[in-house]
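Some notes on the structure that comes next.
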Amino acid sequence: MWISKKPDILASEITPREVFEQRREFIKAAGLGAIGAALASAGLMNSTRAEANSPASGLQKISDFKKTPYGAGETLTPYEDVTSYNNFYEFGTGKSDPKPQSRLFKPRPWTVSIEGEVSKPRTLSIDDIFKIAPLEERIYRMRCVEGWSMVIPWIGLPLASLIKYAEPTGKAKYVEFISLADPKMMPGVRAPILDWPYVEGLRMDEAMNPLTIMAVGLYGEVLPNQNGAPMRLVVPWKYGFKGGKSIVKIRFTDKMPLTTWVRSGPTEYGFYANVNPTVDHPRWTQSTERRIGGGLFSPRIKTQMFNGYADQVASLYTGMDLRKNF
Amino acid sequence: MAAPFKPSSLQLSWIKRVLFLLALLPLARLIWLGMHDALTANPIEFITRSTGTWALVMLMLTLSITPLRMLTGVAWPVQLRRMLGLFMFFYALLHFSIYLWLDHWFDLMAIGKDIAEHPYVLVGFTSFVLSIPLAATSNSAMIRRLKTRWKTLHLLVYPIAILGVLHFWWLVKKDVSEPLVYVLVLAALLGVRLWYRYRPASQAASRKPLPTRMPKAG
């Protein structure tokens, strides 16, 4: 059983001792001087960082979840990188903004309203959601539309179990996910960079796919604020922006939701946003990606169709022109 | 009114030395951050952005020497302009080298495709290529040899600046507030020049004629 408690020290404030000491040692060993040595050290540093996969963050541990075979053999992106390099415009547009800017964010108490085409609209607390289905760990690749990627050990429940619990009617063809937009706790919302609140959506069959999860934690702990606490969507075969964070409303509709990024740039961002190395973003390439955590000297890697999940999801798009439905 | 400050040649040589060290600080910062594992989760993006930003800053400083003279009559900083221009080239060269090496590992096919297919890469690349002849002709011997053609050649700094700022504008995903700063600064720097050129005769007469625009050799 999991009890909400305000941590008196934040994840961001703690560097695990081993990492800290390894860094010291390395700096001494590297010595000061040539640029080459400095650059090399940055590259090597990341390998010492990669060993620090236990968060030691002070966030609440999630005690009860089952491991799954997803992501076997993948190298996890270090916790530090997963929680310090985030696109979460509600906390600022820089990727290092969300961590410091979300310190005062309160992910509890939290309620989620279920509305639209459902037999009975209702409001759930985040603790209710934790109990809908057994929590599972899913290690997924996450590919950002900007051309970088991570491997993250999420904890969550299949979105399908949440949807079954919500009892949508036969008219429900799409699900819309609406994020919190509270200018008091989310400084980024005060700037009209995007149309707030952030809206994302899925087709019903995409939402019901076993890969799609509502994540409530990562690295064995509840989600840090900057990663979308207390719950966020994770759709691993789509670009990261499809994963709405800090969700407060789930609405079932018969029409395709007008999502935030589609509204902001319809020629650059589509509703589907499936990871696809053969369809470039109008301004940059999508054929390769940079895996975060590799350091200065790790080359780009090839981006895979549907982010490598084609076996599980390609059939959802049979007969569709993915160049048009990007 | 007191005569405006004009450094002696000894003072000027000290000003140049200090400026040289100041202009190296952004590089020193990157090295320091690199040694302390503080180049963020995406170090390549970070050093690419940083060197690109500093190339733009150096370029804006280079372009501010003439407006300063037009607005205040202070002419001696023109003797710092070559160094500022070369530092712009230095950071642009680092920026381009990082792209070529760390980002793409000299994969010329991928790089060629990137330049041809993505306008922001194309304008950035063009801006860099145009700056090569300016850096190559920045020494005193070339200034003497090319005479008035040198001045014509170095008008390339304007397209370089416009393309450089456009490069930044086109690469940001949504929040253009940072590139907007460079757009406004560049517009102001070019605006002063236009104003000066077409200013009313009464204002033109009230000011001293400008000293020669050619930088002194040496």
Side-chain angles (χ1 to χ4, degrees), chain A residues 19 23 26-27 30-35 37-46 48-49 77-78 80-87 89 92-96 145-148 150 188 191 193-194 261 264-265 268-269 280-285 287-288 290 292-300, chain B residues 24 27-51 53 94 97-107 109-124 166-180:
Chain A
V19 182
R23 287 181 195 169
F26 193 88
I27 292 160
L32 304 171
I35 295 170
L39 293 177
S41 74
L44 293 170
M45 287 293 188
N46 278 305
T48 64
R49 234 168 30 170
T77 303
E80 171 64 22
D81 291 344
V82 172
T83 56
S84 67
Y85 191 75
N86 309 97
N87 273 323
Y89 280 19
T93 56
K95 276 182 273 293
S96 52
V145 73
E146 297 166 352
W148 51 268
M150 294 183 176
I193 300 286
L194 293 171
W261 279 104
S264 133
E268 304 200 326
Y269 308 98
D280 275 358
H281 184 280
R283 289 186 284 152
W284 56 80
T285 184
S287 61
T288 59
R290 177 165 305 293
I292 298 301
L296 271 179
F297 295 98
S298 70
R300 285 168 170 272
Chain B
L24 281 173
L27 177 64
R29 169 176 170 263
L30 288 183
I31 294 170
W32 192 88
L33 289 174
M35 301 195 69
H36 291 78
D37 194 17
L39 290 173
T40 79
N42 194 344
I44 295 175
E45 183 196 49
F46 184 82
I47 62 177
T48 306
R49 286 289 181 103
S50 177
T51 49
T53 301
L94 283 176
S97 309
I98 293 163
Y99 169 79
L100 213 60
W101 176 24
L102 296 176
D103 202 11
H104 288 285
W105 287 89
F106 304 103
D107 181 347
M109 285 289 287
I111 291 166
K113 212 168 158 277
D114 202 21
I115 292 171
E117 288 180 4
H118 304 120
Y120 93 87
V121 188
L122 179 65
V123 296
L166 193 60
H167 172 62
F168 193 10
W169 184 274
W170 275 348
L171 78 84
V172 300
K173 193 159 103 185
K174 186 68 192 166
D175 182 3
V176 292
S177 52
E178 208 185 331
L180 186 62

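Computed from a predicted structure; not experimentally measured. Naming: A, B, ... by sequence-line order, numbering from 1 per chain.
- No part of A/Asn86 comes within reach of chain B, as not one of its non-hydrogen atoms sits under 4.5 angstrom from that chain.
- Heavy-atom distances place the side chain of A/Trp148, and not its backbone, under 4.5 Å from chain B.
- Of all heavy-atom pairs between A/Gly295 and B/Ile44, the closest is O-CD1, 4.1 Å.
- Residue pairs satisfying the salt bridge (Lys or Arg N to Asp or Glu O under 4.0 Å) criterion with at least one member in residues 170-179 of chain B, sequence neighbours excluded, are listed as follows: A/Glu146-B/Lys173.
- Side chains of B/Glu117 and A/Thr285 form no contact here, defined as non-hydrogen atoms less than 4.5 Å apart.
- Both the backbone and the side chain of A/Arg283 come within contact range of chain B, each with at least one heavy atom under 4.5 Å from a heavy atom of that chain.
- Residue A/Ser298 touches chain B through its backbone alone, counting heavy-atom pairs closer than 4.5 Å.
- Remark: B/Leu102 CG to A/Arg290 CZ distance equals 8.0 Å, nearest 0.5 Å.
- Interface check for chain B: of the options A/Ala191, A/Ser287, A/Ser264, the most heavy-atom pairs under 4.5 Å are formed by A/Ser264.
- Taking A/Val82, A/Thr93, A/Leu194 one by one and counting their heavy-atom pairs under 4.5 Å with chain B, the maximum is reached by A/Thr93.
- Rounding to the nearest 0.5 Å places CH2 of B/Trp101 at 9.0 Å from CG of A/Leu296.
- Listed by chain and residue number, B/Glu45, B/Leu171 satisfy the side chain to side chain contact (heavy atoms under 4.5 Å, CB included) test with B/Arg49 (two or more places apart in sequence, or in another chain).
- With rounding to the nearest 0.5 angstrom, the NZ atom of A/Lys95 is 9.0 Å from the OG1 atom of B/Thr40.
- For A/Ser96, no part lies under 4.5 angstrom from a heavy atom of chain B.
- Ranking B/Asp103, B/Val121, B/Val176 against chain A, the residue ahead of the rest is B/Asp103, based on heavy-atom pairs under 4.5 Å.
- Heavy atoms closer than 4.5 Å to chain A are found nowhere in B/Asp107, neither backbone nor side chain.
- For B/Val172, the part lying under 4.5 angstrom from a heavy atom of chain A is the backbone only.
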